[in-house]
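This one's a predicted model, so the numbers in the text were calculated from it and none came from an experiment. Lettering follows sequence order; numbering is per chain, from 1.
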Amino acid sequence: MARYNFRETEAKWQAIWQERRSFVAVQRSDRPKYYVLEMFPYPSGRLHIGHVRNYTLGDVVARFKRAQGFNVLHPMGWDAFGLPAENAAIAHKVHPAVWTYDNIRVMGEQLRIMGLAYDWTREVATCAPEYYRHEQKMFLDFLKAGLAYRKESLVNWDPVENTVLANEQVIDGRGWRPGAPVEKRQLCQWFLRITDFAEELLDGLKTLERWPDKVRVMQENWIGRSSGARLSFRRTDGVAEGIEVFTTRPDTLYGAAFVAISPNHPLAASLAAGNPALAGFIAECNRIGTSEAAIETAEKNGFETGLTVRHPFVEGAVLPVYVANFVLMDYGTGAIFGCPAHDQRDLDFARKYGLPVKAVVIPDGADADAFSVGTEAYTGPGTLRHSGFLDGLDVESAKQSAGERLEQTGQGRRTTVYRLRDWGVSRQRYWGCPIPVIHCAECGIVPVPDSQLPVRLPEDVSFDKPGNPLEHHPNWKHTACPTCGKPAVRETDTFDTFFESSWYFARFTSPGEATRGFDSAAADYWLPVDQYIGGIEHAVLHLLYSRFFTRALKRCGYLAVEEPFAGLMTQGMVTHQTYKDAEGGWLYPEEVEEKDGRAVNIDTGAPVAVGRLEKMSKSKKNVVGLEKVVDAYGADTARLLLMSDSPPERDLEWTESGIDGAWRFLNRLWRLATESPFALPPAGTPIPAVRSAKAEAALRAVHKAVAAVTEDLQKFHFNKVVARIRELTNTLAELDGSGAGEAEILRVGLEALCSLIGPIAPHIAEELWHSLGHDGLLADRPWPGFDPALITDDSVTVAIQINGKLRATITVARDLAASEIERIALAEPAVVRVLQDKPPRKVIVVPNRIVNIVA
RNA sequence: GCGGGCGUGGCGAAAUGGUAGACGCACCGGACUUAAAAUCCGUUGGCUUAUGGCUGUGGGGGUUCAAGUCCCCCCGCCCGCACCA
């Protein structure tokens with residue numbers, strides 16, 4: 001018999017699925033809907049095998065849910081705007097659009113050979129005007145709703161990419177993609193008012209029960225809610241305007257020793273105008289920058305301004321005002337009061353500048369007068385002392401009470417602040433969606449009227465000069481003001497590319513919709529996405545932006561849901577060993593072979609250093625090409641390995657032996673179905689009532705496997721699914737046809753195996769299903785059920801322990817009375833031997849499971 | 001510093017508080033073969049005086065008839081955030 005010919009088989013079934021439109025989704029009410037989505041890729045070039053784990057995970061879910069009777073939507077598209085296209089344009093003199101669409105074509109082909117059950121009729125590319133025109137409209141709606149605004153502010157500037165980055169896109173002081181240190185620049189930029197939703201976005205996390213805790217925590221931290229009070233310190237120099245600070249510890253106000261403002265605080269700037277020394281100090285602070293390394297090593301420095309302010313509660317008491325380098329302008333009010341005894345940073349500062357340290361929170365059990373703070377601030381619980389009206393209160397009550405007093409005296413109010421900043425969406429680049437506004441000298445900022453949408457990117461564009469090509473374009477930006485008709489200039493900034501990915505999941509519900517981004521009825525039918533799958537790296541970026549965007553769209557009447565993704569799975573990376581030659585250069589896996597237990601260069605024989613497991617990436621050359629694997633083993637084999645061994649959220653190591661093992665298994669399954677040593681009865685032959693013990697056990701194994709695989713698929717325990725399928729295959733392989741019913745049960749078992757492995761290895765499953773004599777598609781078959789009576793055995797193995805140690809096992813009838821089990825257990829030779837005639841002190845019998853004898 | 005996660009054979013991993021190591025990879029032995037590949041069968045946590053015994057889930061304690069699993073303390077690794085007032 002011929003080996004399994006995966007090349008022919010996979011191509012054949014892919015063609016049939018396409019021809020029969022098997023995975024084209026239709027809105028219908030007779031089945032519950034299920035929307036499964038993988039984070040769509042940026043078309044950057046070619047996919048390697050590591051990329052497709054994500055898509056395979058989604059595909060297994062999609063195919064399983066479809067078999068279970070859900071109306072499944074499983075679309076795919078391209079997050080097609082982005083800087084790499086422009087960099088390629090600069091490096092290779094190729095137009096970004098050409099480069100992008102080339103990559104889409106190549107990567108689309110790659111996805112197709114994996115046999116993924118996508119509804120390709122819904123494919124979208126976000127760089128198409130038919131797509132981005134709708135987000136221009138959304139932006140204008142946001143503008144009307146007050147959710148978009150323009151302001152000048154200090155922003156993150158990436159000097160390599162020559163563009164602004166949002167806070168979320170700066171990691172450790174560096175740009176999120178190329179990793180260049182980010183600078184601060186004062187620029188006029190468009191922002192989306194994500195902070196309007198800070199509370200909702202935080203509260204909404206609680207409803208996302210099918211999200212990993214890790215992601216929820218990360219978003220929680222990013223939004224960063226703190227409750228406290230704002231209060232204004234009155235100046236002693238008669239200036240009416242006070243210094244407003246935010247604090248989470250109003251209870252410690254009696255321990256206040258100073259007030260400090262940020263070097264970027266407006267007051268600091270105005271004071272510096274008449275004070276060269278202060279101006280120098282501020283310049284020094286800004287020079288050091290905000291990078292992590294700089295912050296780590298920077299000493300706490302302050303500059304005494306000479307200003308003093310009045311204590312809010314203590315008549316006559318005054319505090320000095322400093323400019324301090326550790327006070328951030330963009331958190332709270334850009335000013336703090338310092339309570340050295342109960343804040344480590346304030347303590348360090350106070351010690352350095354000789355400020356008083358007065359403990360006002362006394363730990364329970366400590367002597368209020370003797371308690372003092374040395375080099376470590378006390379931040380724990382306790383009782384308020386030396387604190388006027390707060391004396392005797394605990395910390396929580398004192399916060400309350402101090403807040404109330406501030407409100408009563410008109411000096412402040414209790415409030416909540418967030419770490420979250422508004423989302424800056426302006427980018428100074430070409431390959432993005434143009435921001436649809438016009439700057440008119442007379443009328444100011446004028447939205448582009450709907451009738452003039454989309455604002456298309458010009459096709460004739462030059463990348464000769466550094467900076468924004470739209471800015472340099474000879475005529476694109478020149479236009480007439482829609483309001484007054486006079487010459488005006490287009491906005492030349494484009495949107496952050498996270499704009500496109502913030503609503504594509506809604507576009508997929510009605511991708512042909514021409515008047516709006518999507519049809520509301522379609523969005524309301526399909527959304528939220530029931531299962532979203534992607535990398536953890538978007539925990540705060542894309543996943544937070546999308547949650548905000550969905551709420552903003554709801555406010556503007558586009559759709560009804562608030563949370564776009566009801567379930568989220570963050571898959572681990574695919575890793576591979578790394579190889580380096582003597583010069584420290586990376587080598588591809590195919591350049592390395594093993595010889596006498598050592599890794600050597602396949603051409604030169606030179607020794608190769610085997611490095612640690614790392615995420616597959618082009619830069620480390622530890623990638624395995626997708627076509628290479630599919631050519632040698634087929635898509636099913638690759639899919640099987642990607643689902644085996646590791647649970648989805650953990651990393652998966654790609655190895656040659658792993659792919660061999662997966663390939664061996666598929667061939668074993670193939671042989672079992674096509675080369676059985678005894679003839680299978682025709683499809684539909686009933687299983688005889690009288691059957692051999694072996695046949696009976698096999699039948700039960702089939703039902704148990706169906707039950708277990710169904711449950712494990714539901715829980716996304718795909719590695720266990722594969723184990724169950726292998727187990728059943730092993731059991732069926734032991735049938736030799738000698739006993740009554742074996743042939744019928746082998747057929748039933750093989751049919752079940754087709755169904756069970758269908759979501760993972762769909763091509764071979766279809767082929768075997770067909771070869772077993774079925775005409776229809778396995779993909780159209782309902783998920784198999786099981787007989788509950790057959791998944792429990794009539795006899796059970798009961799473990800017998802003495803003092804918790806296993807001494808024997810006995811096989812008894814299921815649900816045998818405890819007293820009977822105890823009698824049998826005590827008669828076991830091993831038990832008798834260990835007990836040596838001494839009567840047991842106690843016997844615990846857990847029916848059908850275990851007996852523990854306490855001797 | 002704060003937050004989250006993890007720690008089980010040579011490796012990837014299983015295990016509603018109830019027989020630790022399912023399933024696989026690798027290794028070793030055997031069958032088939034002139035030979036190899038492929039395939040099939042078998043062994044494989046460690047120690048041991050071996051049809052048995054002891055021991056074993058990062059370390060230490062605790063709860064329980066029974067702990068990889070629950071509780072407390074400690075160690076190590078990974079990830080995220082971080083001058084956040």
Side-chain angles (χ1 to χ4, degrees), chain A residues 3 171-172 212-222 224-226 228-229 245-249 252 260 262 290 292 294-296 298-300 324-328 330-339 342-346 348-349 379 417-420 536-537 539-540 575 613 641 644-647 649-653 655-662 664-665 667-668 671 675 708 712 717 719-730 733 797-810 830 833-834 840-846 848-855:
Chain A
R3 253 184 157 192
I171 318 274
D172 295 343
D213 288 342
K214 184 186 169 98
V215 176
R216 290 196 285 185
V217 167
M218 283 166 74
Q219 291 209 359
E220 218 173 282
N221 291 342
W222 186 263
R225 170 163 56 190
S226 341
V245 307
F246 172 75
T247 180
T248 56
R249 296 294 302 271
T252 63
S262 164
T290 52
E292 193 187 12
I295 286 164
E296 198 94 338
E299 218 179 312
K300 310 278 170 281
N325 65 346
F326 62 86
V327 182
L328 305 175
D330 55 6
Y331 184 79
T333 60
I336 61 159
F337 83 81
C339 175
H342 305 297
D343 181 288
Q344 190 59 46
R345 201 190 36 205
D346 293 347
D348 296 344
F349 191 81
T379 55
V417 303
Y418 297 90
R419 208 185 76 102
L420 185 69
I536 188 78
E537 67 272 19
V540 187
T575 62
L613 287 179
L641 175 56
S644 307
D645 295 346
S646 292
E649 60 280 2
R650 242 184 271 182
D651 288 355
L652 176 98
E653 188 189 354
T655 58
E656 272 303 306
S657 56
I659 191 78
D660 277 339
R664 272 203 301 274
F665 172 70
N667 276 288
R668 187 167 140 79
R671 282 194 308 272
E675 295 174 32
D712 285 334
H717 293 171
N719 55 328
K720 285 161 68 181
V721 169
V722 174
R724 300 289 192 188
I725 289 171
R726 285 178 177 273
E727 213 170 19
L728 178 58
T729 308
N730 292 343
T797 305
V798 173
I800 301 172
Q801 297 181 336
I802 296 173
N803 294 334
K805 271 183 195 154
L806 183 71
R807 294 295 172 177
T809 58
I810 55 174
R833 190 178 62 236
V834 175
R841 288 198 294 179
K842 193 175 175 188
V843 180
I844 292 111
V845 179
V846 182
N848 298 330
R849 282 202 172 271
I850 205 162
V851 177
N852 193 14
I853 298 162
V854 186

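- With a cut-off of 3.5 Å on both pairing distances, the Watson-Crick or G-U wobble partner of B/rG7 is B/rC75.
- Out of B/rC23, B/rA66, B/rG12, the shortest distance to the side chain of A/Asn852 is found at B/rA66.
- Of all nucleotides present, only B/rC28 satisfies the Watson-Crick or G-U wobble test against B/rG42, with each distance under 3.5 Å.
- Using atom P as the reference point in both B/rG58 and B/rG12, the two lie 14 Å apart (nearest Å).
- Across the C1' atoms, B/rC28 and B/rG9 are found 16 Å apart, a figure rounded to whole Å.
- The nearest whole Å value for the distance from the CZ atom in A/Arg225 to the P atom in B/rC2 is 22 Å.
- Straight-line distance between the C1' atoms of B/rU44 and B/rG7: roughly 24 Å, to the nearest whole Å.
- Rounding to whole angstrom units, CG of residue A/Asp651 and C1' of B/rC11 are separated by 15 Å.
- The gap from the C1' atom of B/rA22 to that of B/rG29 amounts to 24 Å, rounded to the nearest Å.
- Nearest to the side-chain atoms of A/Phe326 among the listed nucleotides B/rC83, B/rG24, B/rA13 stands B/rC83.
- For the pair A/Ile800 CD1 and B/rC65 C1', the computed distance is 15 Å after rounding to whole Å.
- For the C1' atom pair drawn from B/rG45 and B/rA26, the interatomic distance equals 15 Å after rounding to whole Å.
- The nucleotide whose nearest atom lies closest to any side-chain atom of A/Arg650 is, among B/rA22, B/rA13, B/rA66, B/rA13.
- Counting to the nearest Å, the C1' atom of B/rA22 and the CG atom of A/Leu728 are 14 Å from each other.
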Exercise. Quick one: do A/Arg668 and A/Asn730 satisfy side chain to side chain donor-acceptor pair (under 3.5 Å)? Show the steps, please.
Key: CA-CA 10 Å; A/Arg668 187 167 140 79; A/Asn730 292 343; 2.3 Å; yes
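- If you check B/rG1 for Watson-Crick or wobble pairing at under 3.5 angstrom, you find it paired to B/rC81.
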Practice problem: At under 4.0 Å between heavy atoms, which parts of nucleotides 46-62 of chain B does protein reach? Answer with one letter per nucleotide, 5' to 3': B base, S sugar-phosphate only, - none. | Solution: ------SSSS-------
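- The nearest heavy atom of RNA chain B to A/Lys842 and to A/Ile536 marks one nucleotide each, and the one closer to the 5' end goes with A/Lys842.
- When the P atom of B/rG4 is taken as reference, atom CE of A/Met218 falls 14 Å away, rounded to whole Å.
- Rounded to whole Å, atom P of B/rG24 lies 9 Å from atom CZ of A/Phe665.
- A/Asp343 is listed as a side-chain neighbour of A/Arg345, based on a closest heavy-atom distance under 4.5 Å.
- At the heavy-atom level, A/Arg664 lies under 4.0 Å from the strands shown only through sugar-phosphate atoms.
- Interface remark: the A/Lys720 side chain does not form any donor-acceptor pair with the B/rC23 base, using a distance-only criterion of under 3.5 Å.
- Set against B/rC81, B/rA85, B/rU19, the side chain of A/Arg419 has B/rC81 as its closest nucleotide.
- Using a 4.5 Å cut-off on side-chain heavy atoms (C-beta onward), A/Val854 and A/Asn803 make contact.
- Taking atom C1' on both nucleotides, B/rA66 is separated from B/rG17 by 8 Å, rounded to a whole Å.
- Heavy atoms of A/Thr809 sit under 4.0 angstrom from at least one base atom.
- Residues A/Ile336 and A/Asp346 meet the side-chain proximity criterion, which asks for heavy atoms closer than 4.5 Å.
- When side chains are defined from C-beta on, A/Asp645 does not count as touching A/Asn719, because their heavy atoms never get closer than 4.5 Å.
- Relative to the side chain of A/Pro647, the nucleotides B/rA85, B/rA13, B/rU39 differ in distance, and B/rA13 lies closest.
- Applying the Watson-Crick and G-U wobble criteria (two distances, each under 3.5 Å), B/rA50 pairs with nothing in any strand.
- Side chains of A/Thr379 and A/Gln344 form no contact here, defined as non-hydrogen atoms less than 4.5 Å apart.
- Using a 4.0 Å heavy-atom criterion, one finds that A/Asn719 contacts the sugar-phosphate atoms exclusively.
- Within 4.0 Å (heavy atoms only), A/Thr797 reaches at least one base atom of the nucleic acid.
- With its glycosidic angle within 90° of 0, B/rA50 adopts the syn conformation.
- Distance check on atom P: B/rU51 versus B/rG60 gives 32 Å, rounded to whole Å.
- Here the nucleotide nearest the side chain of A/Trp222, chosen from B/rA82, B/rA15, B/rU16, is B/rA82.
- If you check B/rA26, B/rC84, B/rG4 against the side chain of A/Lys214, the one that comes closest is B/rG4.
- Map A/Thr247 and A/Arg849 each onto its nearest nucleotide of RNA chain B; the residue landing nearer the 5' end is A/Arg849.
- With hydrogens and angles disregarded, no donor-acceptor distance shorter than 3.5 Å links the side chain of A/Ser262 to the backbone of A/Leu328.
- Note on A/Val217: only backbone sugar-phosphate atoms sit closer than 4.0 angstrom, heavy atoms only; bases stay farther off.
- Rounded to whole Å, the C1' atom of B/rG59 lies 10 Å from the corresponding atom of B/rG76.
- Between A/Val722 and A/Phe665, the closest side-chain pair of non-hydrogen atoms is not below 4.5 Å.
- Atom pair A/Gln801:CD and B/rC65:P shows a separation of 14 Å (rounding to whole Å applied).
- Against the 90° criterion about 0, the sugar-base torsion of B/rG9 places it in the syn range.
- In this structure, CG on A/Leu613 lies 4.5 Å from CD on A/Glu653, to the nearest 0.5 angstrom.
- Following rounding to the nearest Å, A/Leu613 (CG) and B/rC77 (P) show an atom-to-atom distance of 18 Å.
- Electrostatic pairing of A/Arg216 and A/Asp213 counts as a salt bridge here, judged by a charged N lying under 4.0 Å from a carboxylate O.
- Contact annotation for A/Arg726: backbone-only contact, meaning every heavy-atom pair under 4.0 Å involves sugar-phosphate atoms and none involves a base.
- No contact: A/Arg841 has no heavy atom under 4.0 Å from any strand.
- Contact annotation for A/Asn730: backbone-only contact, meaning every heavy-atom pair under 4.0 Å involves sugar-phosphate atoms and none involves a base.
- In this structure, B/rG68 makes no Watson-Crick or G-U wobble pair, since no nucleotide meets both defining distances under 3.5 angstrom.
- Heavy-atom minimum distance, A/Leu641 versus A/Leu652: O-CD1, 3.9 Å.
- Residue contacts shown for A/Val327 include a base, since a base heavy atom lies under 4.0 Å away.
- Residue contacts for A/Glu653: at a heavy-atom cut-off of 4.0 Å it reaches no nucleic acid atom on any strand shown.
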